[in-house]
Amino acid sequence: MWGFQCRHRRRYRNSYRKESHLIRCKMESIAMGLLHDIGEIVQAFSEAVDSVLNKVQRKPEWLREIKQHQTEACKALIEGIVRNCSMNGVTEVHAPVRSIANALSRVGMGNDARHRVVIAWNLLHVAQDAGWLVIHQSNTSTIVRITPAFAYAMYGKWFALAGTACPPMLSKPVQHTLKRRGGYKTRAFRKGVVRGKWSQVSSTAIAAANAMQNTPWVINKRVLAVANAVFADRIDPDVNGRERQVWNHNALLDLANQLGSHRFYNPTYFEGSGRIFYSCDLLSPQANDLTRGLLLLGRRQRLNKHGWYWLAVHVANCFSGVGKARKLDKLPFKERVAWVRKNSSVLVAIANDPHKHRALWWNGIGKKAQTFQALAAAIAWDEALRTGYTQQPVMLEQTCSNYGHAAAMLRDPHLASLTNMAPSETFSDFHSSVLANFKRVASETYDSDVVGSLTRNDVKSPSMVLGYGGTVKGIAGTMMGRKTWAKIDDKWKRVAEPGTLPARLSDNPSEHYKIAFNMATLAREAVIETAPAAFAVTNAIRQCIKAHREHGGDRFGWISPSGFHVSLKSTKKVEDKIVAAQFLGGAQVKWYFFTDEMNWRKMNTATSPRFTHSFDAAALHICFANCKFDVVGVHDCIGGLPNHMTRLYRFFRESLVAIYASNPLKNFCDNYGVEIAQGDMNVSDISQSFMLS
């Protein structure tokens with residue numbers, strides 16, 4: 001009898017474990033195509049492949065491989081289309097080709113990178129035969145436009161979720177160790193180090209990555225209900241404007257509704273400079289405004305005095321410039337808290353009737369919008385007042401982190417003051433200082449109307465690029481905004497994104513780039529005048545690269561303060577033409593493949609930002625490695641539950657003090673015999689600064 005009971009218990013236990021494993025791996029199974037019926041779409045794809053077969057006399061290699069792995073090829077094609085195209089716009093062909101090729105590599109299709117690109121390019125032509133998209137080719141570019149029929153067919157399908165290639169996890173991720181990468185239970189999904197090797201990681205970096213992926217999340221149901229209602233309205237121009245990320249928003253809402261009340265986790269991985277990313281793009285705090293508004297931490301917290309203070313700071317930050325609120329995120333913390341308390345009744349009204357009070361929290365859907373973050377903040381404040389509890393993550397961002405790191409590296413007190421790395425009674429705004437000089441420089445060329453129209457946003461992106469060693473040409477591209485295409489003289493050409501400075505100054509698209517280049521030149525002058533020391537770090541790094549090259553080195557690298565090994569090797573590109581073989585006319589697209597020959601010019605431009613990013617990453621590594629509570633990391637931003645933010649703020653500043661007390665830039669330059677000038681800034685003062693806001 002006893003033996004029978006033991007066997008019965010073992011059978012029950014094994015059955016329970018198997019069922020639990022299936023539940024835990026559900027999202028991964030969906031992403032692998034093991035759940036849900038995708039026969040309808042695969043059938044349409046199969047018919048398009050058969051149509052191509054009828055056009056050729058001899059079956060080429062790429063077509064044989066597609067036929068052999070039909071389901072995988074179909075999924076890769078859809079991922080490439082969904083990730084890069086939208087129902088209302090177009091994209092340059094290289095983006096979907098690259099996405100498709102990456103998806104093919106995950107399932108083992110293609111012999112090498114070139115072969116996968118060939119398959120991807122041909123898959124787009126298969127999609128065109130199926131009526132899913134239209135390919136426009138001109139002498140200057142190749143454009144892909146999604147068709148409405150395909151968009152409507154895909155909406156609501158599981159594989160229309162752009163992030164299902166990297167789904168959320170319903171159980172705690174596998175822990176990273178020095179010996180192996182962790183994250184997903186399905187090993188094929190684990191990314192490890194993108195553009196690098198797992199041997200580069202350190203124990204401190206691993207502790208931080210585990211802390212981030214061990215933090216549980218849930219969907220904010222109240223925000224989700226509002227978002228479902230808002231995006232169900234297909235007529236409202238505010239909702240369906242040019243900046244509406246149709247696929248991203250629809251896919252995100254699909255995934256959020258599927259998750260319901262489930263607690264989930266987001267696995268982490270590293271980029272080659274040490275930065276930590278979340279694997280599931282759709283539900284990452286590093287994603288867009290809607291995503292951030294939908295995310296709550298998985299654990300509730302009863303607020304103490306520290307928690308009330310930091311929750312109020314977060315609410316003020318989210319409402320900065322939203323509705324009738326002024327620019328709050330540049331005020332001292334106490335003034336932000338006072339604003340929230342003064343407007344508490346308004347916040348409660350927004351939370352309890354968002355549709356009636358929409359004008360108070362609606363801030364558009366663009367890149368810089370804080371629409372759903374503001375709504376989530378109001379709801380969090382309302383729930384905290386009623387219950388005393390919250391799950392709202394509080395996020396704090398390092399102000400102008402690239403210039404702040406430069407100030408600490410060079411020990412420059414002036415730049416430290418501009419970037420809040422030095423103790424002060426008030427917050428400094430680096431970009432506003434640049435704007436003042438930009439207007440003065442621009443007044444020598446442009447009239448008062450143009451100068452008066454210049455805003456802080458016009459100089460923010462250019463000045464950030466310059467801080468990483470950007471060129472005038474690169475800044476001009478930044479001023480043009482996101483890649484936007486228009487047909488000019490029967491040719492597709494890039495024009496300025498609506499709302500950008502070139503687009504505001506001229507209605508003639510052919511003049512946009514010239515305006516952008518002129519303004520970029522003036523912006524560079526303004527940044528040099530505002531912070532002359534800002535370019536010293538870039539110059540020092542480039543001198544180190546020169547010395548490295550003269551000694552016969554190829555791969556350039558360093559060990560970050562957290563022990564992460566950063567290793568760079570930029571190689572030259574060779575242009576090739578990829579041919580869609582099923583068309584006798586030979587539809588071609590230009591593609592660049594990397595050789596083994598060093599590209600020192602690219603190394604010069606790429607290393608400076610990677611160097612700064614490695615210090616961003618190191619500060620986060622050291623900070624989070626000491627945390628025993630839930631944490632959120634977004635490169636130079638840190639977050640967590642409100643009660644923990646006082647300690648987290650202290651940990652982050654202490655990590656910066658520890659990093660720069662060792663004078664890392666000088667030590668690095670000394671290894672190559674490069675001299676740098678430093679000021680008399682006391683780096684220990686960072687511990688008393690307001691460098692997070």
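For Ser432, the side-chain contact (heavy atoms from CB on, under 4.5 Å) partners two or more places apart in sequence, or in a different chain, are Asp429, Arg456. Under the side-chain contact (heavy atoms from CB on, under 4.5 Å) criterion, His635 pairs with Arg275, Phe277, Gln286, not counting sequence neighbours. Listed by chain and number, the residues in a side-chain contact (heavy atoms from CB on, under 4.5 Å) with Asn457 are Thr455 (sequence neighbours excluded). For Ser687, the side-chain contact (heavy atoms from CB on, under 4.5 Å) criterion is met by Val657, not counting sequence neighbours.
Contact check for Leu294 versus Leu252: side-chain heavy atoms found under the 4.5 Å cut-off. In this structure, the side chains of Val313 and Ser693 stay at 4.5 Å or more apart for every pair of heavy atoms. Residues Gln391 and Val218 meet the side-chain proximity criterion, which asks for heavy atoms closer than 4.5 Å. At least one side-chain heavy atom of Leu259 sits less than 4.5 Å from a side-chain heavy atom of Leu283. In this structure the side chain of Met212 reaches within 4.5 angstrom of the side chain of Leu620, judged on heavy atoms. At least one side-chain heavy atom of Cys280 sits less than 4.5 Å from a side-chain heavy atom of Pro168. Residues Cys627 and Arg647 fail the side-chain proximity criterion, which asks for heavy atoms closer than 4.5 Å. Within the 4.5 Å cutoff, the side chain of Trp308 has heavy atoms near those of the Leu385 side chain.
Atom NE2 of His405 and atom CG of Asp616 lie 3.5 Å apart (nearest 0.5 Å). Here Tyr403 contributes atom OH and Phe430 contributes atom CZ; the two are 4.5 Å apart, rounded to the nearest 0.5 Å. To the nearest 0.5 angstrom, Ser453 atom OG is 5.5 Å from Leu505 atom CG. To the nearest 0.5 angstrom, Leu396 atom CG is 4.0 Å from Met645 atom CE. Put simply, CG on Asp382 and CG on Leu347 are 9.0 Å apart, with the number rounded to the nearest 0.5 Å. Going from atom CG of Leu418 over to atom OG of Ser424 covers 11.0 Å, rounded to the nearest 0.5 Å.
With hydrogens and angles left out, the side-chain atoms of Ser284 and Asp281 include no donor and acceptor closer than 3.5 Å. Side-chain contact of Glu271 with Ser273: a donor-acceptor pair under 3.5 Å is present, judged by distance alone. Between the side chains of Asn437 and Thr530, a donor-acceptor pair is found at a separation under 3.5 Å. His431 and Ser463 share a donor-acceptor pair across their side chains, judged by distance under 3.5 Å alone. Of the N and O atoms on the side chains of Asn363 and Gln370, not one donor lies less than 3.5 Å from an acceptor on the other residue. With no hydrogens or angles considered, a side-chain donor-acceptor pair links Thr646 and Trp310 at under 3.5 Å. With no hydrogens or angles considered, no side-chain donor-acceptor pair links Thr268 and Lys191 at under 3.5 Å. A donor-acceptor contact under 3.5 angstrom links the side chains of Asn420 and Thr399, judged on distance only.
Between the Thr500 side chain and the Glu497 main chain, a donor and an acceptor come within less than 3.5 Å of each other. Using a distance-only test at 3.5 Å, with no hydrogens or angles considered, no donor-acceptor pair links the side chain of Gln213 to the main chain of Asn266. Put simply, the side chain of Asn214 gets close to the backbone of Asn210: a donor and an acceptor are under 3.5 Å apart. A donor-acceptor pair is defined here as one N or O able to donate and one able to accept, closer than 3.5 Å; no such pair exists between the side chain of Thr478 and the backbone of Ser461. Judged by distance alone, the side chain of Ser279 and the main-chain N or O of Pro267 form a donor-acceptor pair under 3.5 Å. The closest donor-acceptor contact from the side chain of Asn352 to the backbone of Val348 lies under 3.5 Å. Of the possible polar contacts, one joining the Thr215 side chain to the Val631 backbone as a donor-acceptor pair under 3.5 Å is found. Under a 3.5 Å cut-off, the side chain of Arg263 and the backbone N or O of Ser171 do not form any donor-acceptor pair. Asp289 places a side-chain N or O within 3.5 Å of a backbone atom of Thr371 that can act as its donor or acceptor partner. Between the side chain of Asn304 and the backbone N or O of Asn643, no donor-acceptor pair lies under 3.5 Å.
Checked for salt-bridge contact, Asp353 and Arg358 miss the test: no charged N lies under 4.0 Å from a carboxylate O. A salt bridge links Arg222 with Glu383: at least one charged nitrogen is closer than 4.0 Å to a carboxylate oxygen.
In this structure, Arg653 is positioned above the aromatic face of Tyr649, its NZ or CZ under 6.0 Å from the six-membered ring centre and within 45° of the axis.
Each side chain to side chain donor-acceptor pair (under 3.5 Å) pair with one or both residues in residues 337-349, not counting sequence neighbours, appears once here: Ser344-Trp381. Among residue pairs with one or both ends in residues 629-643, those qualifying as salt bridge (charged side-chain N to carboxylate O under 4.0 Å, His left out) are Arg299-Asp630; sequence neighbours excluded.
In this structure, Phe427 and Phe333 have perpendicular ring planes: the angle between them is above 60°, well past the 30° mark.
Considering every non-hydrogen atom in both Ala377 and Cys318, the closest pair reads CB-CB, 3.8 Å. Of all non-hydrogen atoms in Ala374 and Trp361, the two that sit nearest each other are CB-O, 4.1 Å. Residues Trp217 and Pro393 approach most closely at CZ3-CG, 4.3 Å, considering heavy atoms. Here the closest non-hydrogen pair linking Ala442 and Leu454 is CB-CD1, 4.0 Å. Residues Ser655 and Ala619 approach most closely at OG-O, 3.3 Å, considering heavy atoms. Scanning both residues, Ala520 and Ala476, for their nearest heavy atoms gives CB-N, 3.7 Å.
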Query - Criterion side-chain contact (heavy atoms from CB on, under 4.5 Å) on Val632 and Met395, from CA distance to verdict - result: CA-CA 8 Å; Val632 185; Met395 299 299 298; 3.9 Å; yes

Query raised in the report: Met519 and Phe438: side-chain contact (heavy atoms from CB on, under 4.5 Å), yes or no, with the steps?
Result: CA-CA 9 Å; Met519 284 295 184; Phe438 185 47; 3.7 Å; yes

Query - Derivation of the side-chain contact (heavy atoms from CB on, under 4.5 Å) call for His621 and Phe270 - result: CA-CA 11 Å; His621 294 169; Phe270 294 97; 4.0 Å; yes

Query - Stepwise side chain to side chain donor-acceptor pair (under 3.5 Å) check, Ser320 with Asn317 - result: CA-CA 5 Å; Ser320 180; Asn317 288 346; over 6 Å; no

Query raised in the report: Is there a side-chain contact (heavy atoms from CB on, under 4.5 Å) between Leu133 and Ile81 once you walk through the steps?
Result: CA-CA 8 Å; Leu133 52 82; Ile81 298 172; 3.6 Å; yes

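Residue-environment remark: CD (Gln688) stays at or below the threshold of 12 foreign heavy atoms within 6.0 Å. Remark: Arg326 CZ is loosely packed, at most 12 non-hydrogen atoms of other residues, nucleotides or ligands lying under 6.0 Å away.
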